[in-house]
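Below is one structure; the comments refer to it alone.
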Amino acid sequence: FGLSDPYLKLKIKNQEVVLEHKKVTLDPDFNTDVTFSLQGVDKSKDELKILCYDWNQIYKHEFMGCIYLPISKCIAEPQLKWYHVDPDDSIHQGLVPTGDFELRFTHEEVKQSASSNRAYAEDFIGIFSSHQNELMQFLEFIDKSKVERKKNENNTHSTA
């Protein structure tokens, strides 16, 4: 008793990522990368919302707390840092202990260079990882995908 099956929902505007729940723990280690496109995001006003839930097989998943971080803060503070989870006191009335999450943010702005044939990739932000190479691999994948999509669009339009 007293243990949770926590999982996280991460949201920026209409983008959402749900991390797999960690079974029977009060000390989850998600250690994963999450990448969001910042295209159409107002970096000075929009927020990253990190919502923590207790997963339940039979009952409704229980909201445990949240972290709201301005995108501008995520970009400005790339170092590993602890963030406190604010509890939902309207439900728990201060009876449920909350915790902290250690997060690291990376921000890469990748633009097409004049000498490059690569597609334009918008800003991305990755969290929950210190593995810079994984983010770069993802950005390269996005670039290649956009180039392929553009080639397919050009072929479709030219035959019509």
Side-chain angles (χ1 to χ4, degrees), residues 2-112 119-146 149:
L3 297 178
S4 296
D5 299 316
Y7 72 94
L8 301 177
K9 282 186 183 181
L10 300 103
K11 298 180 179 186
I12 295 179
K13 291 190 87 164
N14 63 346
Q15 302 174 79
E16 181 178 289
V17 174
V18 179
L19 301 183
E20 187 174 332
H21 73 277
K22 302 296 179 179
K23 296 180 181 177
V24 193
T25 183
L26 293 176
D27 189 20
D29 184 0
F30 292 98
N31 194 28
T32 189
D33 288 339
V34 177
T35 304
F36 290 99
S37 170
L38 297 182
Q39 182 177 11
V41 172
D42 184 337
K43 295 175 198 166
S44 65
K45 294 181 183 175
D46 290 325
E47 303 179 302
L48 167 65
K49 298 173 186 166
I50 304 171
L51 308 168
C52 185
Y53 291 87
D54 184 9
W55 183 88
N56 289 299
Q57 187 169 359
I58 299 172
Y59 304 107
K60 182 179 177 183
H61 300 202
E62 185 177 1
F63 178 71
M64 297 171 68
C66 58
I67 301 172
Y68 294 109
L69 296 170
I71 300 297
S72 58
K73 185 174 184 176
C74 299
I75 292 170
E77 299 178 5
Q79 69 276 7
L80 200 57
K81 185 176 175 182
W82 288 95
Y83 294 91
H84 184 69
V85 176
D86 293 322
D88 182 2
D89 286 333
S90 66
I91 295 173
H92 303 295
Q93 299 168 349
L95 301 175
V96 173
T98 61
D100 300 294
F101 283 104
E102 189 175 28
L103 309 174
R104 177 187 311 241
F105 300 96
T106 57
H107 174 255
E108 296 288 330
E109 189 171 332
V110 182
K111 293 183 179 177
Q112 179 180 1
Y120 179 80
E122 294 295 334
D123 296 355
F124 287 86
I125 189 166
I127 68 170
F128 288 105
S129 179
S130 57
H131 305 289
Q132 181 92 17
N133 61 332
E134 291 177 8
L135 177 61
M136 293 309 297
Q137 288 173 352
F138 177 79
L139 291 173
E140 289 172 6
F141 170 77
I142 293 295
D143 277 350
K144 289 175 186 174
S145 298
K146 287 187 175 188
R149 195 173 324 121

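Here salt bridge (Lys or Arg N to Asp or Glu O under 4.0 Å) pairs that include residues 17-26, with residues two or more places apart or in two chains, number zero.
Applying the side-chain hydrogen bond (donor to acceptor under 3.5 Å, both in side chains) rule to Y53 yields no partners; only residues at least two apart in sequence or on another chain are considered. Applying the side-chain contact (heavy atoms from CB on, under 4.5 Å) test to E77 and every residue at least two apart in sequence or in another chain returns K73, Q79, K81, Y83.
The closest side-chain heavy-atom distance from D33 to T106 is not below 4.5 Å. The closest side-chain heavy-atom distance from Y7 to L51 is not below 4.5 Å. Contact annotation: the side chain of I50 never approaches that of V85 to less than 4.5 Å [non-hydrogen atoms, C-beta and beyond]. Counting heavy atoms from C-beta on, the side chains of T25 and L3 never come closer than 4.5 Å. Considering only heavy atoms from C-beta on, L38 comes within 4.5 Å of I75 through its side chain.
Between E62 atom CD and C52 atom SG the span is 10.5 Å, to the nearest 0.5 Å. The distance from atom CD1 of I71 to atom NZ of K43, rounded to the nearest 0.5 Å, is 9.5 Å.
Under the 3.5 Å distance criterion, with hydrogens and angles disregarded, a donor-acceptor pair is assigned to the side chains of S44 and D42. Counting only N and O atoms by type, the side chains of H61 and N56 include no donor and acceptor under 3.5 Å apart.
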Go through it in stages, so that I can follow the logic: the residues are K49 and C66, the test is side-chain contact (heavy atoms from CB on, under 4.5 Å), and I'd like the CA-CA distance, side-chain angles, deciding distance and then a yes or no. CA-CA 7 Å; K49 298 173 186 166; C66 58; over 6 Å; no
Show your reasoning for whether side-chain contact (heavy atoms from CB on, under 4.5 Å) applies to F36 and V41. CA-CA 10 Å; F36 290 99; V41 172; over 6 Å; no
Worked check of side-chain contact (heavy atoms from CB on, under 4.5 Å) between E47 and I12: CA-CA 6 Å; E47 303 179 302; I12 295 179; over 6 Å; no
Test F101 against L8 for side-chain contact (heavy atoms from CB on, under 4.5 Å), laying out the working first. CA-CA 11 Å; F101 283 104; L8 301 177; 3.6 Å; yes
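Across all non-hydrogen atoms, the minimal contact from V34 to V17 is CG1-CG2, 3.8 Å. When every heavy atom of F105 is checked against every heavy atom of C74, the shortest pair comes out as CB-O, 3.3 Å.
Listed for the D5 side chain is no donor-acceptor partner under 3.5 Å among the backbone atoms of H21. Formation of a donor-acceptor pair under 3.5 Å by the D86 side chain with backbone atoms of I67 is not found in this model. Judged purely by atom type and a 3.5 angstrom limit, E16 has no side-chain atom pairing as donor or acceptor with the backbone of L10. One N or O on the side chain of K13 and one on the backbone of G40 form a donor-acceptor pair closer than 3.5 Å. With hydrogens and angles ignored, the 3.5 Å screen pairs a side-chain donor or acceptor of S37 with a backbone N or O of Q39.
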